[in-house]
Amino acid sequence: MNPVTEIHSIDAPELAFYANLSEKQLYHYFEPAPGIFLAESPNVIERALAAGYEPLSVLACRKQLTGRAAEILSGYGNLPVYTAPDSVLGQIGGFQLTRGMQCAMRRKTLPAVETVLDGATRVVVLENVMNPTNVGAIFRSAAALNIDAVLLTTGCADPLQKRAVRVSVGNVFLIPWTYFPGKMVQEGPQDSSACHISSLKALGFTTAAMALKEDSVSLRDPRLKSTEKLAIVMGTEGEGLRQATIDACDYTIKIPMSNGVDSLNVAAAGAVAFWELGNHRELPS
């Protein structure tokens with residue numbers, strides 16, 4: 001039976017993770033060790049626990065204490081559980097969007113790029129995709145459409161940011177991911193994006209940049225579909241991929257537009273590409 005503590009003030013120290021510390025502060029909480037993130041809603045928390053993330057405490061509305069929260073936490077008898085009146089919970093930003101349950105969890109040490117790519121044949125590379133909504137949506141599409149892994153540059157939004165996790169509906173816990181080491185530098189002979197692409201090629205991946213260029217190939221190009229290991233490279237909102245990245249890739253992919261529309265949102269473009277180029281092995285009808 002989990003110990004339940006009733007909280008009556010938004011300033012109670014037990015609510016620090018949920019109400020008083022920013023996501024940046026949580027990220028650095030155990031520095032130099034990995035910090036903390038918040039998982040929201042019973043379904044998302046359940047997926048995070050199944051993926052091996054360590055829970056530190058739970059904040060739940062009273063209704064959840066005899067509902068899903070009780071089911072999910074049945075195997076975590078010593079985990080502190082906090083509850084509070086609606087008047088207190090309502091002061092926590094976004095709590096009404098969490099289906100009455102949040103869980104503070106320890107981050108994991110991120111694996112090396114080589115570890116994430118071991119056995120993968122279809123992967124996505126995100127270069128400086130800064131909007132957490134887009135990152136979450138890309139993870140959701142990648143998990144649903146048979147992408148094996150996601151790699152991010154350090155300029156990308158954190159996949160464990162609350163909004164990214166929420167938009168991914170917890171699918172960020174279902175697909176392996178990590179960051180490339182090092183920060184992006186200015187374009188030039190030593191551009192780090194070219195190094196990222198080179199490291200993928202060294203691991204046997206054909207690289208395809210999604211960009212609005214005329215000298216591009218179709219998503220249905222048989223060379224893309226037949227390649228054993230393919231990395232789909234996607235760029236930041238608005239500006240897209242850096243030129244050095246495009247130049248370093250083996251192919252450039254362009255999704256044809258109609259009605260004068262110039263491009264798709266990066267998350268929407270990803271869903272189209274993943275459906276066409278993902279591993280369609282044993283997909284249900």
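Both backbone and side-chain heavy atoms feed into the values below; hydrogens, waters and symmetry mates do not.
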Asker: Using the rule that Ile, Leu, Val, Met, Phe, Trp and Tyr join whenever any side-chain heavy atoms are under 4.5 Å apart, tell me whether Leu110 and Leu174 fall into a single cluster.
Answerer: no

Asker: Give me the atom names and distance for the closest heavy-atom approach of Arg242 to Asn128.
Answerer: CD-ND2, 4.5 Å

Asker: Taking the side chain as every heavy atom from C-beta outward, state whether Val4 and Thr83 have any atom pair closer than 4.5 Å.
Answerer: yes

Asker: Evaluate the side-chain contact (heavy atoms from CB on, under 4.5 Å) criterion for residues Val58 and Gln102: first the C-alpha distance (whole Å), next the side-chain angles of each, then the deciding distance (0.1 Å), finally the verdict.
Answerer: CA-CA 6 Å; Val58 165; Gln102 292 189 6; over 6 Å; no

Asker: Should Lys254 and Met210 count as side-chain neighbours, where that means a heavy-atom distance under 4.5 Å?
Answerer: no

Asker: Is the shortest side-chain heavy-atom distance between Leu224 and Val217 below 4.5 Å?
Answerer: yes

Asker: Heavy atoms only: give me the nearest Asp148-Pro176 pair and the separation to one decimal.
Answerer: O-CD, 3.2 Å

Asker: When you compare the side chain of Leu49 with that of Pro55, does any pair of heavy atoms fall below 4.5 Å?
Answerer: yes

Asker: Step by step, would you call Asp158 with Arg107 a salt bridge (charged side-chain N to carboxylate O under 4.0 Å, His left out)?
Answerer: CA-CA 12 Å; Asp158 176 13; Arg107 290 173 176 264; 2.4 Å; yes

Asker: Counting C-beta onward and ignoring hydrogens, is there a side-chain heavy-atom pair between Met101 and Ser41 closer than 4.5 Å?
Answerer: no

Asker: What is the ring orientation for Phe139 with Trp177, classed by angle as parallel under 30°, tilted 30 to 60°, or perpendicular over 60°?
Answerer: perpendicular

Asker: Using a 3.5 Å distance criterion without hydrogens, assess whether the side chain of Ser141 forms a donor-acceptor pair with backbone atoms of Ile138.
Answerer: no

Asker: To the nearest 0.5 Å, what is the distance between CG (Leu200) and NE2 (His196)?
Answerer: 9.0 Å

Asker: Kindly say whether the aromatic ring centers of Tyr18 and Tyr82 come within a distance under 6.0 Å.
Answerer: no

Asker: Show the nearest heavy-atom pair for residues Gly170 and Val44, with the distance to one decimal.
Answerer: N-CG2, 3.8 Å

Asker: Answer yes or no: is there a side-chain heavy-atom contact under 4.5 Å between Phe37 and Cys103?
Answerer: no

Asker: If the test is side-chain hydrogen bond (donor to acceptor under 3.5 Å, both in side chains), which one of Gln25, Lys24, Glu31 qualifies with His28?
Answerer: Glu31

Asker: Indicate, with yes or no, if Val169 and Tyr53 share a hydrophobic cluster defined by side-chain heavy-atom contacts under 4.5 Å among Ile, Leu, Val, Met, Phe, Trp and Tyr.
Answerer: no

Asker: Indicate the atoms forming the closest heavy-atom contact of Ile45 with Met105, along with that distance.
Answerer: O-CE, 4.0 Å

Asker: Can you tell me if Tyr27 has over 12 outside heavy atoms packed within less than 6.0 Å of its OH?
Answerer: no

Asker: Look only at the side chain of Asp118 and the backbone of Thr115, and say whether a donor-acceptor pair between them is shorter than 3.5 Å.
Answerer: no

Asker: Could you tell me if the side chain of Leu65 sits less than 4.5 Å from the side chain of Val81, heavy atoms only?
Answerer: yes

Asker: Is there a donor-acceptor pair under 3.5 Å between the side chain of Thr178 and the backbone N or O of Pro111?
Answerer: yes

Asker: Can you find a side-chain donor-acceptor pair between Thr206 and Thr227 that sits under 3.5 Å?
Answerer: yes

Asker: Between Glu127 (side chain only) and Thr153 (backbone N and O only), is there a donor and an acceptor less than 3.5 Å apart?
Answerer: no

Asker: Got a donor-acceptor contact below 3.5 angstrom from the Gln91 side chain to the Ser87 backbone?
Answerer: yes

Asker: Please report the closest heavy-atom contact between Ala104 and Ile36, naming both atoms and the distance.
Answerer: CB-CG2, 4.2 Å

Asker: For Asn43 and Arg68, which I'm curious about, is there any donor-acceptor pair between the side chains at under 3.5 Å?
Answerer: yes

Asker: Can you tell me if Asp86 has over 12 outside heavy atoms packed within less than 6.0 Å of its CG?
Answerer: no

Asker: Evaluate the side-chain contact (heavy atoms from CB on, under 4.5 Å) criterion for residues Lys162 and Glu40: first the C-alpha distance (whole Å), next the side-chain angles of each, then the deciding distance (0.1 Å), finally the verdict.
Answerer: CA-CA 7 Å; Lys162 282 195 295 185; Glu40 305 175 315; 3.2 Å; yes

Asker: So for atom NZ, which belongs to Lys63, do other residues, nucleotides or ligands contribute more than 12 heavy atoms lying within a distance under 6.0 Å?
Answerer: no

Asker: Return the CZ to SG distance between Phe180 and Cys156, rounded to the nearest 0.5 Å.
Answerer: 10.0 Å

Asker: Quick one: do Ile197 and Cys249 satisfy side-chain contact (heavy atoms from CB on, under 4.5 Å)? Show the steps, please.
Answerer: CA-CA 7 Å; Ile197 301 304; Cys249 286; 3.9 Å; yes

Asker: Might you point out which heavy atoms bring Leu160 and Glu23 nearest each other, and give the distance in Å?
Answerer: O-OE1, 4.4 Å

Asker: Could you walk me through whether Leu230 and Thr121 pass side-chain contact (heavy atoms from CB on, under 4.5 Å), step by step?
Answerer: CA-CA 6 Å; Leu230 178 68; Thr121 62; over 6 Å; no

Asker: Drop me the distance from Asn265's CG to Asn134's CG, to the nearest 0.5 angstrom.
Answerer: 4.5 Å

Asker: Test of understanding: clusters of I, L, V, M, F, W, Y form through side-chain heavy atoms closer than 4.5 Å, transitively. Do Leu38 and Val167 belong to the same one?
Answerer: no

Asker: To the closest 0.5 Å, what do you measure between CD1 (Ile147) and CG (Leu277)?
Answerer: 7.5 Å

Asker: As an exercise, state the distance from CG of Leu59 to CG of Leu89, rounded to the nearest 0.5 Å.
Answerer: 5.5 Å

Asker: With a sphere of 6.0 Å drawn around CZ of Phe205, does it hold more than 12 non-hydrogen atoms of other residues, nucleotides or ligands?
Answerer: yes

Asker: So, Thr207 side chain and Ala231 main chain: donor-acceptor pair closer than 3.5 Å or not?
Answerer: no

Asker: Can Val125 be reached from Met130 by stepping across I, L, V, M, F, W or Y side chains whose heavy atoms are under 4.5 Å apart?
Answerer: no

Asker: With the threshold set at 4.0 Å, does a side-chain nitrogen-carboxylate oxygen contact exist between Arg62 and Glu6?
Answerer: yes

Asker: Kindly compute the distance separating CD (Glu71) from CD (Gln64), expressed to the nearest 0.5 Å.
Answerer: 9.0 Å

Asker: Could you tell me whether Glu54 and Lys108 make a salt bridge, using a distance below 4.0 angstrom between a side-chain N and a carboxylate O?
Answerer: no

Asker: Would the distance check show the side chain of Lys229 and the main-chain N or O of Leu117 forming a donor-acceptor pair, the cut-off being under 3.5 Å?
Answerer: no

Asker: Any luck finding a side-chain donor-acceptor pair between Arg47 and Asn171 under 3.5 Å?
Answerer: yes

